[in-house]
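Keep in mind it's a predicted model, so treat the numbers as computed, not measured.
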Amino acid sequence: MPVPRIPGYSRLTKTHKFSAAGIAAAGAAALAFAVVPGQAEGQTTAVQELPAKPVAWSHQVLDHQAQHESLVQQSELASQQAKEEAAAKKAAEEAAKKKAAEEAAKKKAAEEAAKKKAAEEAAAKKAAEEKAAKEKADKERAAKEAASRAAARKPVYANNLDGWIKESLAIMKEKGIPGSYNGIYRNLMRESSGNPRAINLWDINAQNGIPSKGLLQVIDPTFKAYHVEGTSWDIYDPVANITAACNYAYHRYGSMDNVNGPY
């Protein structure tokens, strides 16, 4: 792998390396041919053979190479660190994207769940309202039908003496008050001649301030005490007068049929 260039430093070329080696060899040869002092002129001096020693790199060359290797290592470490940081950054970005996607999906799911719940609640409310409306309509219809049946079953009585007696007998039968058509007719003809507005202003009751009134000549205290529920509170009302008088006769004489004179 090529070594990156570093500003301020140059790589040693082959020429530089060979030059340094040549200088070292020349120095070694000069040491081998030393002349011995004190010999006569013309005599050949013996060449002292000295062992050749390897010449070491200069201190400057070694420092340069050490710096170069250190810088290469630093460059490689920086490159590796940059790669690791880029990978970590990419992983962080991908993790952030994934987290954002998960949060968006979660939010969307929550919104859809809320919409579904709201729709279900609205549907349930609508169903409850429809059910309540149906039940109300059914109840009203049933009440109308019951009223219609009751009206159909309830007889219509003539607004005359015959109708008043018959209606009174129907009410008396419902309330458990005994009496007959003939017994009522006989007594009211004696008391009022069949006049519902009749009033006695001369007997003892009139003298006491409570005159007898109506078909069966009932005084106010007796009418109030024996009034039959469901009838009018007007003492001159024919049906209310007959039923109150018959109720009084029932409690005192056993029945209006047992009354044959003033009572």
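The CZ atom of R197 sits 12.5 Å away from atom OG of S192, with the distance rounded to the nearest 0.5 Å. Note: K134 NZ to K139 NZ = 14.5 Å, rounded to the nearest 0.5 Å.
In plain terms, the two heavy atoms of G183 and D257 that are nearest each other are CA-OD1, 3.2 Å. For the residue pair P196 and L215, the shortest heavy atom distance occurs at N-CD2, 3.6 Å. Considering all non-hydrogen atoms of both residues, L188 and I242 come closest at CD2-CD1, 4.3 Å. Listed here is the closest heavy atom pair of C246 and M172: CB-CE, 3.5 Å. Scanning both residues, Y263 and A245, for their nearest heavy atoms gives OH-CB, 3.6 Å. The nearest pair of heavy atoms linking P178 to G254 is CG-O, 3.3 Å.
With contacts defined as side-chain heavy-atom distances shorter than 4.5 Å, the pair D138/R141 qualifies. Proximity of I177 to T243: side-chain heavy atoms (C-beta onward) are nowhere separated by under 4.5 Å. Using a 4.5 Å heavy-atom cutoff, the side chains of N247 and Y250 are in contact.
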Side-chain donor-acceptor pairs of residues 83-101 under 3.5 Å, sequence neighbours excluded:
| residue | atom | partner | partner atom | Å |
| --- | --- | --- | --- | --- |
| E84 | OE2 | Q80 | NE2 | 3.3 |
| E85 | OE2 | Q81 | NE2 | 3.3 |

Please output the side-chain donor-acceptor pairs of residues 218-229 that fall under 3.5 Å, not counting sequence neighbours, one pair per line with the distance.
| residue | atom | partner | partner atom | Å |
| --- | --- | --- | --- | --- |
| D220 | OD2 | K213 | NZ | 3.3 |
| H227 | NE2 | T231 | O | 3.1 |
| H227 | NE2 | T231 | OG1 | 3.1 |
| H227 | NE2 | S232 | O | 3.0 |

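Linking Ile, Leu, Val, Met, Phe, Trp and Tyr residues whenever their side-chain heavy atoms come within less than 4.5 Å leaves V156 and I165 in two separate clusters. Hydrophobic clustering, with ILVMFWY side chains joined whenever heavy atoms are under 4.5 angstrom apart, groups W233 together with Y236.
A donor and an acceptor atom, one from each side chain of R190 and N260, are nowhere located under 3.5 Å apart. N200 and D203 share a side-chain donor-acceptor pair at under 3.5 Å.
The stretch residues 155-176 participates, sequence neighbours left out, in these side chain to side chain donor-acceptor pair (under 3.5 Å) pairs: N159-W164, D162-K166, D162-Y181.
Judged by distance alone, the side chain of R186 and the main-chain N or O of V259 form a donor-acceptor pair under 3.5 Å. The main-chain N or O of L216 is found under 3.5 Å from a side-chain atom of N241 such that the two form a donor-acceptor pair.
When N205, I210, I204 are each tested for a side chain to side chain contact (heavy atoms under 4.5 Å, CB included) with Q207, only one passes: I204.
Under a cut-off of 6.0 angstrom, the local environment of OH in Y248 is crowded, with over 12 non-hydrogen atoms contributed by other residues, nucleotides or ligands.
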